[in-house]
Amino acid sequence: MSIEFINNNFLHIKHPKCDAIISLQGAQLISWTPKDKIAVLWATSLSYFKKGQAFRGGIPLCWPWFGKSKTPSHGFARLLTWKLQETQETTDYCHLTFTLSDTKYTRTLFPHCFNLTLKITLGKDVHIELDIDTEVETTGALHSYFSSVEVEKEIIGGLGNNYTDSLDSNRLKTQVSRLKIDKEVDRIYTTPSSITTITSKDRLLTLKHKNHSDIVVWNPWAKTSSKLSDMKQGVYKNMFCIETAKINKSLQPTDIIGLHITYNGDVVKD
Ligand code: TA6
């Protein structure tokens, strides 16, 4: 395995089983490509990276709140530089551990002590687990962006039948079939199963969520994405977000939220 630094912020990890990029800002997995496969996560160009601003793509960590109810949007965990504590390598996996703790600055936004630990395991599949240790209940999400050859051809299963529609005054709605994204979508599924499947012609992704209460699905489609300065024209067709979230039920002061992604039907590890 080798790890190279890019622009003092990104770690480029080359392992026999995969290639990956992680941003130290946000401890954000930006890209993961299992050997001989195509990139699973979507991210905008690294040239859009600006210190202190949210970088769009990969798996941003939304914490200690989800959404725009407070500033900054989706919390501050994705905006701060995390500490790389440890790396370990086996023939199959590469393990990285990152930490973030409260500072004078974070206490102006969230007046509590906290210690976050993010463990990322990369190989032919990916495991990501956020350990939270703080004084109060919080909300959050692993806001994963997936790549797609053509988003309208992806079929998303395991979302459950109930969602609130963020594009329609958070109205509670029902859906009986699996989801195809063919328009702007911003939904919080409130009764999801623990496994989400994403199926297209050449690929089956299986997402196993740990301790989520909700799944958020987002695609900005043409009009909304044209207002996002970090998304090139037309690229909304090549991405979609499926987010492992704790929104309607809070994260406890000491809690974990996690996600395991497998490619092409490989067995999901516990
Ligand atoms: O998770 C869905 C969402 O909250 C959408 O409403 C949309 O705003 C998206 O996240 C991206 O948010 P961001 O702050 O990263 O631009």
Side-chain angles (χ1 to χ4, degrees), residues 40-42 56-63 65-69 73-74 126 128 139-228 231 234-251 257-266 268:
V40 173
L41 302 174
W42 178 87
R56 192 174 304 289
I59 310 187
L61 305 175
C62 304
W63 191 84
W65 53 84
F66 178 86
K68 299 180 181 71
S69 58
S73 169
H74 286 321
V126 157
I128 174 161
T139 57
L142 310 176
H143 191 305
S144 309
Y145 285 77
F146 292 93
S147 67
S148 177
V149 175
E150 201 179 347
V151 71
E152 287 158 283
K153 302 247 167 89
E154 308 280 352
I155 298 169
I156 303 162
L159 295 172
N161 298 334
N162 305 301
Y163 67 90
T164 57
D165 191 343
S166 310
L167 302 175
D168 187 12
S169 312
N170 299 321
R171 283 208 170 79
L172 186 59
K173 300 188 176 173
T174 53
Q175 167 195 313
V176 283
S177 52
R178 292 182 293 168
L179 177 70
K180 273 192 182 186
I181 299 174
D182 54 6
K183 59 180 181 216
E184 182 171 3
V185 169
D186 193 350
R187 301 177 178 179
I188 302 177
Y189 285 84
T190 53
T191 53
S193 102
S194 61
I195 291 181
T196 309
T197 53
I198 303 170
T199 316
S200 59
K201 194 167 141 273
D202 307 311
R203 183 182 73 171
L204 166 64
L205 294 178
T206 309
L207 316 185
K208 186 169 183 184
H209 310 278
K210 182 169 185 175
N211 190 35
H212 67 325
S213 57
D214 313 277
I215 299 281
V216 182
V217 180
W218 181 60
N219 183 297
W221 217 249
K223 193 166 158 218
T224 299
S225 68
S226 69
K227 295 179 202 149
L228 300 173
M231 275 183 83
V235 85
Y236 68 90
K237 289 252 189 184
N238 303 119
M239 54 71 68
F240 56 100
C241 292
I242 305 286
E243 307 166 32
T244 310
K246 204 83 194 239
I247 302 167
N248 288 305
K249 289 192 187 127
S250 302
L251 286 156
I257 187 164
L259 171 66
H260 192 105
I261 309 174
T262 58
Y263 198 117
N264 280 353
D266 296 336
V268 178

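Keep in mind it's a predicted model, so treat the numbers as computed, not measured.
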_Just so I know, are the side chains of I59 and I128 near enough to count as touching, which here means a heavy-atom distance under 4.5 Å?_
yes
*Salt bridge or not for D165 and R171, using N-O below 4.0 Å?*
no
*asked:* Set out, in order, the CA-CA distance, both residues' side-chain angles and the distance that settles side chain to side chain contact (heavy atoms under 4.5 Å, CB included) for T197 and L205, then state yes or no.
replied: CA-CA 6 Å; T197 53; L205 294 178; over 6 Å; no
*asked:* Check the orientation of Y163 and Y189. Use parallel for under 30°, tilted for 30 to 60°, and perpendicular for over 60°.
replied: tilted
*asked:* Measuring from atom CD1 of I181 to atom NZ of K153, what distance do you get when rounded to the nearest 0.5 angstrom?
replied: 14.5 Å
*Quick one: do V151 and W42 satisfy side chain to side chain contact (heavy atoms under 4.5 Å, CB included)? Show the steps, please.*
CA-CA 12 Å; V151 71; W42 178 87; over 6 Å; no
*Under the side-chain hydrogen bond (donor to acceptor under 3.5 Å, both in side chains) rule, what do R203 and Y263 come out as? Steps first, then yes or no, please.*
CA-CA 7 Å; R203 183 182 73 171; Y263 198 117; 5.3 Å; no
*Looking at H212, K210, H260, H209, which one forms a side chain to side chain donor-acceptor pair (under 3.5 Å) with T244?*
H209
*Determine the minimum heavy-atom distance between W218 and M239, stating which atoms define it.*
CZ3-CE, 4.4 Å
*asked:* Please give me the minimum heavy-atom distance between V217 and L179, naming the atom from each residue.
replied: CG1-CD2, 3.8 Å
*Indicate the atoms forming the closest heavy-atom contact of I215 with P192, along with that distance.*
CG1-CB, 3.4 Å
_I'd like to know if the side chain of D186 and the backbone of P220 have a donor-acceptor N/O pair within less than 3.5 Å._
no
*With side chain to side chain contact (heavy atoms under 4.5 Å, CB included) as the test, would you mind laying out the steps for Q175 and R187 before giving the verdict?*
CA-CA 11 Å; Q175 167 195 313; R187 301 177 178 179; 3.2 Å; yes
*Minimum side-chain heavy-atom gap F146-F240 below 4.5 Å*: yes
*Return the minimal non-hydrogen interatomic distance between I188 and S166, and the atom names on each side.*
CG1-OG, 4.4 Å
*asked:* Tell me whether N238 contacts the main-chain N or O of V149 through its side chain, where contact means a donor paired with an acceptor under 3.5 Å.
replied: yes
*Can you see which heavy atom on V216 is nearest to which on A245, and at what distance?*
CG2-CB, 4.0 Å
*So how far is it from C241 SG to L142 CG, rounded to the nearest 0.5 Å?*
12.0 Å
*Shortest non-hydrogen contact from S144 toward L259*: OG-CD2, 3.5 Å
*Does a side-chain heavy-atom distance below 4.5 Å link K208 with I261?*
no
*Mark yes or no for whether T224, through its side chain, and W221, through its backbone, hold a donor-acceptor pair below 3.5 Å.*
no
*For the atom pair CD (E154) and OG (S148), what is the distance rounded to the nearest 0.5 Å?*
3.5 Å
*Report the C-alpha separation of R56 and M231 in whole Å, then their side-chain angles, then the decisive distance to 0.1 Å, and conclude whether the side chain to side chain contact (heavy atoms under 4.5 Å, CB included) test is met.*
CA-CA 8 Å; R56 192 174 304 289; M231 275 183 83; 3.8 Å; yes
*State the CD1-OH distance between I242 and Y145, to the nearest 0.5 angstrom.*
12.5 Å
_Please check this pair: side chain of N211 against backbone of I257, looking for a donor-acceptor N/O pair closer than 3.5 Å._
no
*Between atom OG of S177 and atom CD1 of I155, what is the distance when rounded to the nearest 0.5 Å?*
10.0 Å
*Check the side chains of N162 and T191 for a donor-acceptor pair under 3.5 angstrom, ignoring hydrogens and angles.*
yes
*asked:* Within this structure, what is the OG-CG distance for the pair S225 and N219, rounded to the nearest 0.5 Å?
replied: 7.5 Å
*Restricting to pairs with a member in residues 237-249, which pass salt bridge (Lys or Arg N to Asp or Glu O under 4.0 Å), not counting sequence neighbours?*
E152-K237
*Classify the angle between the aromatic ring planes of F66 and H74 as parallel (below 30°), tilted (30 to 60°) or perpendicular (above 60°).*
tilted
